[in-house]
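First the proteins, then the strands, lettered A, B, ... as listed; each starts at 1. What you see is a predicted model, and the numbers here were worked out from it, not measured in a lab.
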Amino acid sequence: MKRRLGRDFFVPAAGEKTEEIAKRLLGKYIVRRIGDRKIWGKIVETEVYGGPRDKACHAYGGKVTPRNKLMYAAGGRAYVYLIYGMHWQLNFITQKSGVPECVLVRALEVEGDDPRAASGPGKLCRFLEVDKSFHGEDVVTSKDFWLENRGVEVARREIVSGPRVNIDYAGPHWAKRNWRFYLKNNSAVSRK
DNA sequence: CTCGCGATATTCT
DNA sequence: GAATATCGCGAGA
């Protein structure tokens, strides 16, 4: 069974929180088409960046800059940017237009010689050959980049939550929020 | 295991 | 113009 994820996955009508979307993304597949070639990987680690109140979020304080304005777009778009001058990060925008929330994809489990070839936000982008040209790509309609549900069921108890990476500066209230989710006992998770 | 550094877009002053 | 950033790697201990 293969089913492409549609708009409602990223913009839940029921008002589901972005945390729930981040958990639902675990076990789904990211598929990238390059000419006749296809690359894919299973999502095993995600992290939530939650709006203007979240100090770790680019849209903290409701700030709008040329880079982050895409976070205010409707869910289903890719938010790609460069960090530390050399690593691309891949996020998916969630929620309806005007709500600057997104999910960072931190790690994929891939099939091949090296199961850790996409274990980390930067490595993942290199693996998928995602760069700035995919900033703003709509994964609901794109022919080169999308997400699939391949029928992998992730049990609630297989999902581990914990504090996000690099958020000490955000203060105790945000630092203790368990906004990072990953699959238990999965070797492709970036850090444990 | 911990540490330090890379190389640049974006933001801040 | 200067500081900084959602990281990964290779070196040294």
Is the positively charged end of R164(A) above the ring of Y49(A), judged by distance under 6.0 angstrom from the centroid and angle within 45° of the axis?
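Geometry flag: set, cation within 6.0 Å and 45°.
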Working to the nearest 0.5 Å, report the span between CZ of F145(A) and CD1 of I30(A).
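The CZ atom of F145(A) sits 5.5 Å away from the CD1 atom of I30(A).
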Distance, nearest 0.5 Å, that separates CD1 of I21(A) from CD of Q95(A)
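Answer for the CD1-CD pair, I21(A) versus Q95(A), is 4.5 Å.
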According to a 3.5 Å limit on both distances, what stems of 3 or more consecutive Watson-Crick or G-U pairs are formed with DNA chain C?
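Result, WC/G-U stems under 3.5 Å: B:1-6 with C:7-12, B:8-12 with C:1-5.
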Going by number, which of residues 88-95 of chain A have a non-hydrogen atom under 4.0 Å from DNA chain C?
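Q89(A), N91(A), in order of number.
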Interface with DNA chain C, restricted to residues 119-137 of chain A and to heavy atoms under 4.0 Å:
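Within residues 119-137 of chain A, the residues near DNA chain C are G120(A), P121(A), G122(A), K123(A), R126(A).
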What protein N or O atoms touch nucleotides 11-13 of chain B N or O atoms at under 3.5 angstrom, if any, and at what distances?
residue	atom	partner	partner atom	Å
dT11(B)	OP1	T65(A)	OG1	2.1
dC12(B)	OP1	K63(A)	NZ	3.2

For E153(A), what residues pass the side-chain hydrogen bond (donor to acceptor under 3.5 Å, both in side chains) criterion, not counting sequence neighbours?
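If we apply the side-chain hydrogen bond (donor to acceptor under 3.5 Å, both in side chains) test to E153(A), skipping adjacent residues, there are no hits.
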N/O donor-acceptor pair under 3.5 Å between [X] side chain and [Y] backbone:
{"X": "R7(A)", "Y": "V140(A)", "result": "no"}
{"X": "T46(A)", "Y": "A22(A)", "result": "yes"}
{"X": "R33(A)", "Y": "G35(A)", "result": "yes"}

Report yes if at least one side-chain N or O of H58(A) is closer than 4.0 Å to OP1 or OP2 of dT6(C); otherwise report no.
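H58(A) to dT6(C) OP1/OP2: side-chain N or O found under 4.0 Å.
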Y81(A) side chain N/O closer than 4.0 Å to the phosphate oxygens (OP1, OP2) of dT6(C)?
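For dT6(C), OP1/OP2 do have a side-chain N/O of Y81(A) under 4.0 Å.
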Do D131(A) and S133(A) have side-chain N/O donor and acceptor atoms under 3.5 Å apart?
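Side-chain D/A pair, D131(A) to S133(A): present.
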Separation of atom [atom1] in [X] from atom [atom2] in [N], rounded to whole Å:
{"X": "E47(A)", "N": "dA5(C)", "atom1": "CD", "atom2": "C1'", "answer": "15 Å"}
{"X": "Y60(A)", "N": "dA5(C)", "atom1": "OH", "atom2": "P", "answer": "14 Å"}
{"X": "M86(A)", "N": "dA7(B)", "atom1": "CE", "atom2": "P", "answer": "6 Å"}
{"X": "I83(A)", "N": "dT6(C)", "atom1": "CD1", "atom2": "C1'", "answer": "6 Å"}
{"X": "L82(A)", "N": "dA9(B)", "atom1": "CG", "atom2": "C1'", "answer": "6 Å"}

For the pair E20(A) and K23(A), find out whether any cationic side-chain nitrogen is under 4.0 Å from an anionic carboxylate oxygen.
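Salt bridge present between E20(A) and K23(A).
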Could E129(A) and R37(A) be called an ion pair, given the rule that one side-chain N must be under 4.0 Å from one carboxylate O?
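A salt bridge is present here (some side-chain N lies under 4.0 Å from a carboxylate O).
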Can you give the donor-acceptor pairs under 3.5 Å from side chains of residues 76-83 of chain A to other protein atoms, not counting sequence neighbours?
residue	atom	partner	partner atom	Å
R77(A)	NE	G136(A)	O	2.7
R77(A)	NH2	G136(A)	O	3.2
Y79(A)	OH	H58(A)	ND1	3.1

